Each structure stands twice: as C-alpha cells, then as structure tokens.
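Inspection log for the structure reproduced underneath, given as structure tokens.
Just so it is clear, the structure is predicted and the values come from calculations on it, not from any experiment.
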Amino acid sequence: MAQINPDWPQSFASHRYQALKEGPALIVTGAVHGNEVCGAIAIRRLMAELEQGARKLAAGRLTLVPVANPLAYRLGQRGGERNLNRNLARCRSPIRWPTGWANAAGNAI
C-alpha cells in the first residue's frame with residue numbers, strides 16, 4: 001500500500017469555465033482510479049492555461065475534476081472504498097462517498 005500524502009485532495013472539487021458564447025457542456029474527470037495520475041496532471045495543466053489566458057473556451061461550459069476519487073488518490077491505490085467506475089448513480093440522499101460524488105458531478109454539469 002502506498003503512503004498517504006496529506007497534501008493531496010481531501011475532498012471532491014470541480015472547476016467550471018463558462019464561455020460568453022452558448023455551446024455544449026463537457027465534464028472531464030481525472031483520477032477516477034487513485035493510481036492513475038496522468039489525467040489529474042493534464043487537467044491541472046489545462047486549468048493553469050485557462051486561468052493564465054494561454055487557452056480560451058470558445059463556446060459552452062467546461063467542468064474539470066482533476067481528482068474524482070480523492071481517497072484513492074491520497075492512498076495512491078486504484079480504489080478507495082470501492083471502484084467509482086462501477087458505481088456511479090444519483091440518489092436523493094447520498095450515504096456513501098461514490099454516490100455523493102455522482103450527485104456532485106451531476107450538479108457540476
């Protein structure tokens with residue numbers, strides 16, 4: 001098991017970018033599995049480019065989630081409590097982390 005890094009995200013966070021022109025909505029997630037870090041790195045790089053003006057959103061809305069599974073990411077292992085890739089359904093009152101993520105992700109779009 002990998003060591004826990006306290007600097008890694010402790011909770012779910014999404015970042016939304018909205019162009020002035022109407023258009024499609026896209027959500028991009030990274031680190032659904034905690035041991036797959038390339039997506040998180042790429043998303044953070046894109047966020048920096050958007051915020052520095054190096055890239056611009058032409059139309060629509062873009063939601064970026066660098067780390068979709070903070071527990072697994074922090075542990076440096078594939079899953080935390082369970083595999084988010086297999087259990088991602090919305091519900092009225094989320095009790096467990098993956099369900100809560102599904103609701104948060106749905107609201108972010």
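Not counting sequence neighbours, the partners of Arg45 by the side chain to side chain contact (heavy atoms under 4.5 Å, CB included) test are Ile41, Glu49. Among residues two or more places apart in sequence or in another chain, the side chain to side chain contact (heavy atoms under 4.5 Å, CB included) test is passed with Leu57 by Tyr17, Ala19, Leu62.
Heavy atoms only, all atoms of each residue included: Asn35 and Gly76 are closest at CB-O, 3.9 Å. The shortest non-hydrogen separation linking Phe12 to Ala68 is CD1-O, 4.3 Å. Considering every non-hydrogen atom in both Pro66 and Leu64, the closest pair reads CD-O, 3.7 Å. Nearest heavy-atom pair across Gly79 and Ala72 is C-CB, 3.4 Å. Closest non-hydrogen pair, Ala59 versus Glu22, comes out as CB-O, 3.5 Å. Taking each heavy atom of Val67 and Ala31 in turn, the nearest pair found is CA-CB, 4.0 Å.
Contact annotation: the side chain of Val28 never approaches that of Thr63 to less than 4.5 Å [non-hydrogen atoms, C-beta and beyond]. With contacts defined as side-chain heavy-atom distances shorter than 4.5 Å, the pair Gln77/His33 does not qualify. Val65 is not listed as a side-chain neighbour of Ile43, based on a closest heavy-atom distance of 4.5 Å or more. Looking at Leu46 and Arg55, their side chains come closer than 4.5 Å, going by heavy atoms from C-beta outward.
Here CD of Gln52 is found 11.5 Å from CE of Met47. Values are rounded to the nearest 0.5 Å.
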